[in-house]
Student: 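Before we start, here is the structure in question, set down as structure tokens.
Start at 1 with the first residue, then count along the sequence. Whatever order the structure lists them in is the order used to number ligands and atoms, beginning at 1. Just so it is clear, the values below take in all heavy atoms, side chains as well, and ignore hydrogens, waters and symmetry mates. All values reported here derive from a predicted model rather than from experimental measurement.
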Amino acid sequence: MSGWIEVIAGSMYSGKTEELIKRVRRSEFAKLKTQVFKPKLDNRYHETKVASHDQNQIQAIPLEHITDVWDFLNHDTQVIGFDEGQFFTFELVQVCRDLAARGLRVIVAGLDMDWKGQPFEPIPTLMAIAEDVSKPRAICTTCGNLASYTQKLRGSGSQIEIGSQDNYEARCRLHFKPQIEDQVISQVPLNPVLLR
Ligand SMILES: [Zn+2]
């Protein structure tokens, strides 16, 4: 059987992780062997689980580096999920190609744009090579319309910052501003900041 790549891309609060969990669960109902991985830096919730903001959880193996997946991959895995794909390096693209070539169904969830509204690799490249792309949308916290952007409210100017929920909001195109909204550096100690 031929494998393929699916991408679930969108802003924060668009339900990407929920959708990933749903697809993996449905595969499990069909008795398919599944594995889910996430980048190790994302330890906002439980260390070995993928959790959506509504606390819907499944087991996930945290990876220091994307190529470590080959050490953890079970020989009988048929469906493989990656959450927070934007936090892996660009090598995620080749790993997904290799997994699909082995016949696996590969599902990647991740942010397609950063808080400046710029494409956030490797998700845009994965969207181009994937057989199937979904862009679920969040709700704009300003007007209630559908939202595709992640507005940063406070924190540092780095592209990658694992922040608490209150550092970000979903916004529509009209209400999104590609800058930190209040320009006040939070006095609260931030979670680990990674630059690349
Ligand atoms: Zn709006």
Student: Only counting residues at least two apart or in another chain, list the ones meeting side chain to side chain donor-acceptor pair (under 3.5 Å) with Thr34.
Tutor: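 Only Glu28 meet the side chain to side chain donor-acceptor pair (under 3.5 Å) criterion with Thr34.
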Student: Below 30° counts as parallel, above 60° as perpendicular, anything between as tilted: where do the rings of Tyr149 and Phe176 land?
Tutor: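 If you compare the ring of Tyr149 with that of Phe176, the planes turn out parallel.
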Student: Do NZ/NE/NH1/NH2 and the carboxylate oxygens of Lys38 and Glu84 come within less than 4.0 Å?
Tutor: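 Salt bridge: no.
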Student: Is it true that Lys16 and Glu19 have a side-chain N and a carboxylate O under 4.0 angstrom from each other?
Tutor: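 No, this pair does not count.
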Student: What donor-acceptor contacts under 3.5 angstrom involve side-chain atoms of residues 128-140, with partners at least two apart or in another chain?
Tutor:
from, atom 1, to, atom 2, distance (Å)
Glu131, OE1, Ile5, N, 2.9
Ser134, OG, Arg23, NH2, 2.9
Lys135, NZ, Asp112, OD2, 2.9

Student: I want to verify a count. Protein N, O or S atoms less than 2.8 Å away from the Zn ion (ligand 1), how many are there?
Tutor: 4
Student: My understanding is that only residues two or more places apart in sequence, or in another chain, count here; which of them pass side chain to side chain donor-acceptor pair (under 3.5 Å) with Arg97?
Tutor: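 Residues passing side chain to side chain donor-acceptor pair (under 3.5 Å) with Arg97: none at all.
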